[in-house]
*Asks:* 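Okay, handing you the structure first.
Computed from a predicted model, the values in this text were never measured in an experiment. This chain uses plain numbering: 1 for the first residue, then up along the sequence.
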Amino acid sequence: ALGSFNHSVTGWTSSGNLGSAGQAGVIGASSANYVGNTVSGANVGFASGIATLSQTLSETFDSSKDYQLIVAVGDRDESTPGLSQYRIRLFAGATLIGETIGTPVSTGLNDVQLYVDGATFSAAQNGALRIELGTASPDGLSQQLGFDNVRLRVLEANTLSLAENS
């Protein structure tokens, strides 16, 4: 069973807590809520309707580096799979340096990767890095996306091949 919903997430900012317009926050969850996959820890971030969770990091963007953002994403077990789309973004200051939009592949939590070639965004040098997780095509509050195990890796430039990024 699901634990309680909490719209105040330590270290994260939630937007969309406006009733029918959308909600975001954290919920106590277990692997039973996400078929076939393991929830990392006791909580899962969630977004439904028009909503986001974001976190500004203390690290700043270095255009001589590449970035790999990995997030486990999925529909909750009691949701109808395939109705909601996720949006994962990485910002350097106000500049959007990477975005991926997609539909979760199942009702489990599955890793989604976003790769950013830092050299492409030299104008964003030293901007504060910000991660944003949310919905891309809101369909109302009935479909809830889960986000878990968020990992940002800073890489030496050109360390990933195209095969590793697919």
Side-chain angles (χ1 to χ4, degrees), residues 3-29 34 37-76 84-104 109-138 141 143-160 164-165:
S4 61
F5 290 88
N6 185 348
H7 299 288
S8 177
V9 184
T10 303
W12 291 81
T13 302
S14 60
S15 67
N17 301 330
L18 306 171
S20 62
Q23 299 180 51
V26 69
I27 186 169
Y34 295 91
N37 292 279
T38 303
V39 171
S40 177
N43 297 307
V44 171
F46 74 89
S48 59
I50 303 168
T52 61
L53 285 171
S54 64
Q55 181 179 63
T56 300
L57 308 177
S58 58
E59 293 84 4
T60 58
F61 178 70
D62 180 348
S63 62
S64 71
K65 307 286 185 189
D66 292 342
Y67 295 82
Q68 181 184 32
L69 178 59
I70 305 167
V71 181
V73 180
D75 283 318
R76 218 172 67 203
S84 297
Q85 285 190 312
Y86 59 81
R87 181 188 318 258
I88 298 171
R89 292 176 162 177
L90 184 61
F91 289 85
T95 304
L96 177 63
I97 61 172
E99 176 179 55
T100 184
I101 296 172
T103 302
L109 291 167
N110 297 281
D111 280 349
V112 172
Q113 296 186 40
L114 170 64
Y115 178 74
V116 175
D117 177 358
T120 306
F121 299 97
S122 59
Q125 181 72 20
N126 297 321
L129 289 168
R130 180 169 48 97
I131 297 168
E132 184 179 279
L133 313 172
T135 55
S137 61
L141 293 176
Q143 298 300 306
Q144 186 182 95
L145 293 173
F147 301 96
D148 197 24
N149 200 13
V150 179
R151 296 149 280 166
L152 179 63
R153 296 182 178 144
V154 181
L155 310 166
E156 294 301 319
N158 301 314
T159 58
L160 289 181
E164 291 172 312
N165 190 32

*Asks:* Would a 4.5 Å heavy-atom cut-off, applied to side chains only, mark Thr135 and Gln85 as touching?
*Replies:*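 The answer is no; the side chains never approach within 4.5 Å.
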
*Asks:* Let me confirm one number: the CG-CG distance from Leu57 to Leu90, rounded to the nearest 0.5 Å.
*Replies:* 8.0 Å

*Asks:* CG of Leu145 to CG of Asp75: how many Å apart, nearest 0.5 Å?
*Replies:* 5.5 Å

*Asks:* Can you tell me how far OG of Ser58 sits from CG of Leu129, rounded to the nearest 0.5 angstrom?
*Replies:* 9.0 Å

*Asks:* Could you tell me the separation between the CZ atom of Phe121 and the OG1 atom of Thr95, rounded to the nearest 0.5 Å?
*Replies:* 8.5 Å

*Asks:* Checking side-chain contact (heavy atoms from CB on, under 4.5 Å) between Lys65 and each of Val154, Asp117, Val116, which is the one that passes?
*Replies:* Val154

*Asks:* Please enumerate all residues that pass side-chain contact (heavy atoms from CB on, under 4.5 Å) together with Thr60, with sequence neighbours excluded.
*Replies:*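 With sequence neighbours excluded, Thr60 shows a side-chain contact (heavy atoms from CB on, under 4.5 Å) to Asn126, given in chain and number order.
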
*Asks:* Can you name the closest pair of heavy atoms from Gly134 and Ala47 and give their distance?
*Replies:* CA-CB, 4.2 Å

*Asks:* Checking Arg151 now: which residues fulfil salt bridge (charged side-chain N to carboxylate O under 4.0 Å, His left out) with it, not counting sequence neighbours?
*Replies:*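 Expected list: Asp111.
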
*Asks:* Tell me the salt bridge (Lys or Arg N to Asp or Glu O under 4.0 Å) pairs involving residues 122-131, sequence neighbours left out?
*Replies:* Arg130-Glu132

*Asks:* Ignoring hydrogens, what is the shortest heavy-atom contact between Glu156 and Asp66? Give both atom names and the distance.
*Replies:*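 In terms of heavy atoms, the two residues are closest at O-OD2, 4.0 Å.
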
*Asks:* Working to the nearest 0.5 Å, report the span between CZ of Phe147 and CG of Leu109.
*Replies:*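 Those atoms lie 10.0 Å apart.
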
*Asks:* Indicate yes or no: at least one non-hydrogen side-chain atom of Tyr67 is less than 4.5 angstrom from one of Leu152.
*Replies:*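 Yes; the side chains approach each other to less than 4.5 Å.
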
*Asks:* Do you know which two heavy atoms are closest between Leu53 and Ser14, and how far apart they sit?
*Replies:* CD2-CB, 3.7 Å

*Asks:* I need the minimum non-hydrogen distance between Ala124 and Phe61, along with the two atoms involved.
*Replies:*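 In this case the closest contact between Ala124 and Phe61 is O-CD2, 3.5 Å.
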
*Asks:* Got a sec, which residues hit side-chain contact (heavy atoms from CB on, under 4.5 Å) with Glu99, two or more places apart in sequence or on another chain?
*Replies:* Arg87, Arg89, Leu96, Ile101

*Asks:* Do you know which two heavy atoms are closest between Ser63 and Ser122, and how far apart they sit?
*Replies:*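 In terms of heavy atoms, the two residues are closest at CB-CA, 3.7 Å.
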
*Asks:* Should Val150 and Leu69 count as side-chain neighbours, where that means a heavy-atom distance under 4.5 Å?
*Replies:* yes

*Asks:* How long is the gap from CH2 on Trp12 to OG1 on Thr56, to the nearest 0.5 Å?
*Replies:* 9.5 Å

*Asks:* With sequence neighbours excluded, tell me which residues meet side chain to side chain donor-acceptor pair (under 3.5 Å) with Thr100.
*Replies:*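 Partners of Thr100 under the side chain to side chain donor-acceptor pair (under 3.5 Å) test: none.
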
*Asks:* What is the minimum heavy-atom distance between Gly146 and Val44, and which atoms define it?
*Replies:*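 Nearest heavy atoms, Gly146 then Val44: CA-CG1, 3.7 Å.
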
*Asks:* Check whether any side-chain N or O of Gln55 sits under 3.5 Å from a backbone N or O of Ile131 as a donor-acceptor pair, and report yes or no.
*Replies:*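 Side chain of Gln55 to backbone of Ile131: no pair is present.
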
